[in-house]
Structures are given as structure tokens and as C-alpha cells.
There are 2 protein chains.
Amino acid sequence: MENLLQKLREKGYKMTPQRRAVVTALLECGEFPSAQTILEHVKHTLPDVSLDTIYRNLALLVELGLVQEIHLRGRESNVFELTVTHHHHLVCLSCGKTLCLDHCPIDHRDVAKAAKQGFEIVSHSLEFYGYCRTCRIAG
Amino acid sequence: MENLLQKLREKGYKMTPQRRAVVTALLECGEFPSAQTILEHVKHTLPDVSLDTIYRNLALLVELGLVQEIHLRGRESNVFELTVTHHHHLVCLSCGKTLCLDHCPIDHRDVAKAAKQGFEIVSHSLEFYGYCRTCRIAG
DNA sequence: CTCCTAAATCGTAATATTATTATTTACAAT
DNA sequence: ATTGTAAATAATAATATTACGATTTAGGAG
């Protein structure tokens with residue numbers, strides 16, 4: 001949280017009760033909450049918060065690298081996770097379950113070198129899709 | 001296109017005029033059309049086509065690995081591209097421009113090994129975000 | 001502490017995407 | 001050519017996500 005405050009100040013952003021509540025919700029909601037789930041949690045303390053505020057703050061946290069957004073191809077809404085260490089996810093196309101993958105195969109410097117166009121990479125989004133063991137056995 | 005017909009047959013899917021028109025549109029629309037752009041192109045020959053059909057066929061083509069979907073973080077709608085060779089994209093967070101990156105740093109076997117959970121990976125989605133040379137110079 | 005200003009918020013509207021249902025159609029087998 | 005069946009479609013509704021405008025607020029400067 002102190003990390004967050006510092007990053008906000010660096011970029012001229014402010015701390016608000018709503019913003020703090022979104023972070024708290026991410027800490028308390030368990031694994032992979034959606035924007036809706038976070039909204040309901042935040043409403044316990046801030047009943048008038050708007051969904052737009054949730055999305056806006058999540059987008060900001062993603063931009064700051066403090067939160068990871070996970071795209072569940074075609075399924076329900078996207079889900080979110082506090083970034084403890086940078087990592088990626090496996091999404092099962094059959095049951096929709098999300099699994100963590102500790103390993104990140106991306107090196108921004110290597111990619112920027114391959115690009116050869118003066119592009120400055122600041123982040124990336126990567127998900128793997130397939131079938132989990134349970135669904136493979138069932139299917 | 002013959003490649004497409006074969007892949008469809010393998011999995012029990014059918015070829016329809018709408019499906020063919022979506023592929024034609026991808027060939028003729030220039031770089032990175034959105035679902036809306038493809039809809040308008042298809043309407044020239046099939047005026048009653050529905051947007052749902054466009055999305056459904058694009059999703060199928062993505063599933064078959066024949067089309068790549070590009071997520072433009074927070075900007076307009078997603079865009080699509082026929083897969084000639086598998087590759088990824090750089091998206092500029094300032095002007096929204098999309099650039100191709102010939103190189104793919106992902107090896108499904110390595111990742112599956114790292115996962116160690118019997119997960120079978122069939123595809124992945126990867127985009128890089130940052131700032132293109134033009135926007136960096138502009139400041 | 002008060003003022004100032006950019007940032008943030010809420011409420012609402014607009015857009016993007018997916019799901020549902022009844023009907024139609026491709027295509028393989030007869 | 002006819003038929004049967006699973007897949008595909010169009011129309012519509014539902015949901016997810018983003019944008020906009022008026023108002024409020026955080027937080028630094030005086």
C-alpha cells in the first residue's frame with residue numbers, strides 16, 4: 001500500500017477513499033474477482049460508488065503494474081489480481097478455471113530489440129488457453 | 001482458403017456464405033479491421049447479415065488459429081488479422097497504432113512443462129503496450 | 001487554515017461483446 | 001434427388017466496458 005502511495009505521487013495521481021477501497025477489495029475478495037465482485041465489496045463501505053469508478057481505478061492500477069487483468073476469452077467478464085510477483089495465467093476453455101503460472105517467458109529488452117522501430121515497451125498482456133487436467137480426463 | 005475448408009471439415013464445422021464472406025472481408029479490408037468494419041464490408045454482398053454472425057465466425061477463426069485477435073487496451077474495439085505466420089503486436093498507448101512483431105517468444109511445450117499440472121495449452125494471446133517512436137519524439 | 005487546480009467521482013449514456021431462441025441451412029447418407 | 005441432423009443464422013435481449021458532463025475533492029502553495 002505504501003508502494004502504491006509512492007507510485008501515485010510520482011505520476012501526479014491522488015489517493016481517494018474509493019481508490020483505497022478498490023485495493024482493499026482486491027486484498028479481501030479471494031482469488032480472481034471481477035469488476036462486479038469488487039463493486040459489491042466496495043459498496044459495503046461506500047454505498048454510492050459507481051461501477052465506472054471501479055473500472056477506472058482498476059485500469060489505473062493495471063497501468064501502474066500493481067494489478068494484473070486476466071482475459072477469459074469469450075467467457076464472463078475479465079478478472080483481476082494484485083500483482084505480488086509478475087506472472088501469467090492458464091485459462092481452461094472448457095470449465096473456465098484460471099490457474100497461475102509462476103514463470104514469465106517475456107523479456108521486454110529482447111522484444112524491443114526484435115521490434116527495431118524505436119518502440120518503448122512498458123507492459124504486456126499474456127494468457128494461455130487450453131484444457132485443464134480435470135476437463136481432459138472428463139472429456 | 002482450401003486450408004480453411006479442410007480445418008472446418010476436420011472438426012465438423014460447415015462452410016456458409018456468411019463465413020466465406022468474413023474471410024473475404026479480412027482479405028480485402030486492409031490492415032486490422034474491427035468487427036464493425038468487417039460487418040460493413042460483408043453487407044455489400046449479404047445485406048441481412050447480423051453482427052453476431054461476424055463475431056461468432058471471427059471467434060471460430062481465432063479458435064482454428066487462422067485469425068489473430070488484437071486487444072487494444074481501453075481503446076476502441078478489438079481488431080483482427082488473418083494469420084499468415086504466427087506473430088504478435090505492439091500497441092501504442094498514446095496514438096493507438098498497431099505494429100507487427102515478427103517474433104514470437106512463446107513455446108507451448110516449455111510453458112506446459114513449467115505449469116506441471118497436466119494442462120494442455122492450445123493457444124495464447126499476447127500483446128505488448130508502450131509508446132511508438134513518433135509519440136515518444138512528440139513527447 | 002484557505003485557496004487553487006487538476007484529478008476524481010457520480011450518474012448517465014454510448015458502445016462493444018456475448019447469450020438465447022426460433023428458424024433456416026449445409027452436407028452426408030440414403 | 002430426398003431426408004435427417006447438427007450446425008449456423010438473424011433478431012433480439014442481456015451483459016460488459018468505456019465515454020461524457022457537471023460537480024466534488026485531494027493535496028500542494030501561499
Side-chain angles (χ1 to χ4, degrees), chain A residues 1 4-23 25 32-40 42-43 45-64 67 69-80 91 93 96 125 129, chain B residues 4-23 25 32-40 42-43 45-64 67 69-80 91 93 96 125:
Chain A
M1 186 66 93
L4 167 59
L5 283 168
Q6 183 182 352
K7 288 208 174 187
L8 287 177
R9 233 176 315 232
E10 272 175 22
K11 308 230 175 184
Y13 298 119
K14 299 172 182 176
M15 175 55 81
T16 63
Q18 291 87 343
R19 187 160 289 166
R20 195 186 309 274
V22 167
V23 176
F32 308 130
S34 68
Q36 274 295 339
T37 304
I38 291 170
L39 174 67
E40 311 202 345
V42 171
K43 273 189 171 173
T45 54
L46 300 167
D48 292 335
V49 72
S50 84
L51 184 55
D52 175 71
T53 296
I54 305 296
Y55 274 110
R56 197 162 12 77
N57 280 307
L58 286 171
L60 176 63
L61 292 167
V62 169
E63 181 191 324
L64 296 177
V67 165
E69 180 167 11
I70 305 158
H71 303 96
L72 307 182
R73 176 124 93 193
R75 302 201 144 257
E76 316 86 47
S77 56
N78 293 337
V79 295
F80 299 85
V91 178
L93 294 169
S125 167
Y129 301 98
Chain B
L4 167 59
L5 282 168
Q6 183 183 352
K7 287 208 174 189
L8 286 178
R9 233 174 317 231
E10 272 175 22
K11 308 229 175 184
Y13 297 119
K14 299 171 181 175
M15 175 54 83
T16 63
Q18 292 88 343
R19 188 159 290 167
R20 194 186 310 274
V22 168
V23 177
F32 309 130
S34 68
Q36 274 295 339
T37 303
I38 292 170
L39 174 67
E40 311 202 345
V42 170
K43 274 189 170 171
T45 55
L46 299 168
D48 292 335
V49 72
S50 83
L51 182 56
D52 175 70
T53 296
I54 305 295
Y55 274 109
R56 197 160 12 77
N57 280 306
L58 286 170
L60 176 64
L61 292 167
V62 169
E63 182 191 323
L64 295 176
V67 165
E69 179 169 10
I70 306 159
H71 302 97
L72 307 183
R73 175 122 93 195
R75 301 200 143 257
E76 318 83 48
S77 56
N78 293 339
V79 297
F80 299 86
V91 178
L93 294 169
S125 167

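So that the names make sense, note that chain A is the first sequence line, chain B the second, and so on, each numbered from 1. Model, not experiment: these values are computed from the prediction.
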Q: Report the distance from atom CD1 of A/Ile70 to atom OG of A/Ser77, rounding to the nearest 0.5 Å.
A: 11.5 Å
Q: Check the pair B/Val22, B/Val49 against side-chain contact (heavy atoms from CB on, under 4.5 Å), reporting the backbone distance first and the verdict last.
A: CA-CA 10 Å; B/Val22 168; B/Val49 72; over 6 Å; no
Q: Assign each of A/Arg9 and A/Ala35 to its nearest nucleotide of DNA chain D by heavy atoms, then name whichever residue's nucleotide is nearer the 5' end.
A: A/Ala35
Q: Starting at atom CD1 of A/Ile38, determine the distance to atom P of D/dT17, rounded to an integer number of angstrom.
A: 11 Å
Q: Report the residue (A/Leu46 or B/Pro17) whose heavy-atom-nearest nucleotide on DNA chain C is the more 5′ of the two.
A: A/Leu46
Q: Figure out the CG/C1' separation between A/Leu39 and D/dA16, and round it to whole Å.
A: 13 Å
Q: State whether A/Gln18 places a side-chain N or O below 4.0 Å from either non-bridging phosphate oxygen (OP1 or OP2) of C/dC10.
A: yes
Q: Can you name the residues that form a ring-ring contact (aromatic ring centres under 6.0 Å, His included) with A/Phe32, not counting sequence neighbours?
A: A/His89
Q: Among C/dA16, D/dA7, C/dA6, which is the nearest nucleotide to the side chain of B/Lys14?
A: D/dA7
Q: Using a heavy-atom cut-off of 4.0 Å across all strands, would you classify A/Arg56 as base, sugar-phosphate, or nothing?
A: base
Q: Taking atom P of D/dG28 as reference, at what distance in whole Å does atom CG of A/Leu5 sit?
A: 11 Å
Q: To the nearest 10°, give me the bend of the helix from C/dC1-D/dG30 to C/dT30-D/dA1, comparing the axes of its five terminal pairs at either end.
A: 40°
Q: Can you name the nearest heavy-atom pair linking A/Ala35 to A/Leu51, along with the distance?
A: O-CD1, 4.4 Å
Q: Please figure out whether B/Gln36 or A/Val49 has its closest DNA chain C nucleotide nearer the 5' end.
A: A/Val49
Q: Applying a 4.0 Å non-hydrogen cut-off, can you work out what A/Asn78 is touching in the nucleic acid: base, sugar-phosphate, or nothing?
A: sugar-phosphate
Q: Looking only at the side chain of B/Asp52 (C-beta and beyond, no hydrogens), which of the listed nucleotides D/dA10, C/dT25, D/dC20 gets closest?
A: D/dA10
Q: Compare side-chain N and O positions of A/Thr16 against OP1 and OP2 of C/dT9 and report whether any pair is under 4.0 Å apart.
A: yes
Q: Rounding to an integer number of Å, can you tell me how far A/Leu64 CG sits from C/dA7 P?
A: 14 Å
Q: Is the shortest side-chain heavy-atom distance between A/His71 and B/Ser125 below 4.5 Å?
A: no
Q: Return the value, rounded to whole Å, for the distance between atom OH of B/Tyr13 and atom C1' of C/dA28.
A: 18 Å
Q: At 4.0 Å (heavy atoms only), tell me whether A/Ser50 reaches a base, stays on the sugar-phosphate, or touches nothing.
A: base
Q: Taking A/Arg73 for its side chain and A/Leu93 for its backbone only, find out whether a donor-acceptor pair lies under 3.5 Å.
A: no
Q: Take atom CG of B/Leu51 and atom C1' of C/dT15, then tell me their distance rounded to the nearest Å.
A: 11 Å
Q: In whole Å, what is the span from the CD1 atom of A/Ile54 to the C1' atom of D/dA19?
A: 17 Å
Q: Side-chain donor or acceptor of B/Asn57 under 3.5 Å from a matching atom on the base of D/dA8?
A: no
Q: Would you tell me if any nitrogen or oxygen in the side chain of A/Tyr55 comes within less than 4.0 Å of OP1 or OP2 on D/dT17?
A: yes
Q: With rounding to the nearest 0.5 angstrom, report the CZ to CG distance, B/Arg9 to B/Leu4.
A: 10.0 Å
Q: For B/Asp48 and D/dA8, what is the distance between atoms CG and C1' respectively, to the nearest whole Å?
A: 15 Å
Q: Which heavy atom of A/Ala25 sits nearest a heavy atom of A/Ile38, and at what distance?
A: CB-CG2, 3.9 Å
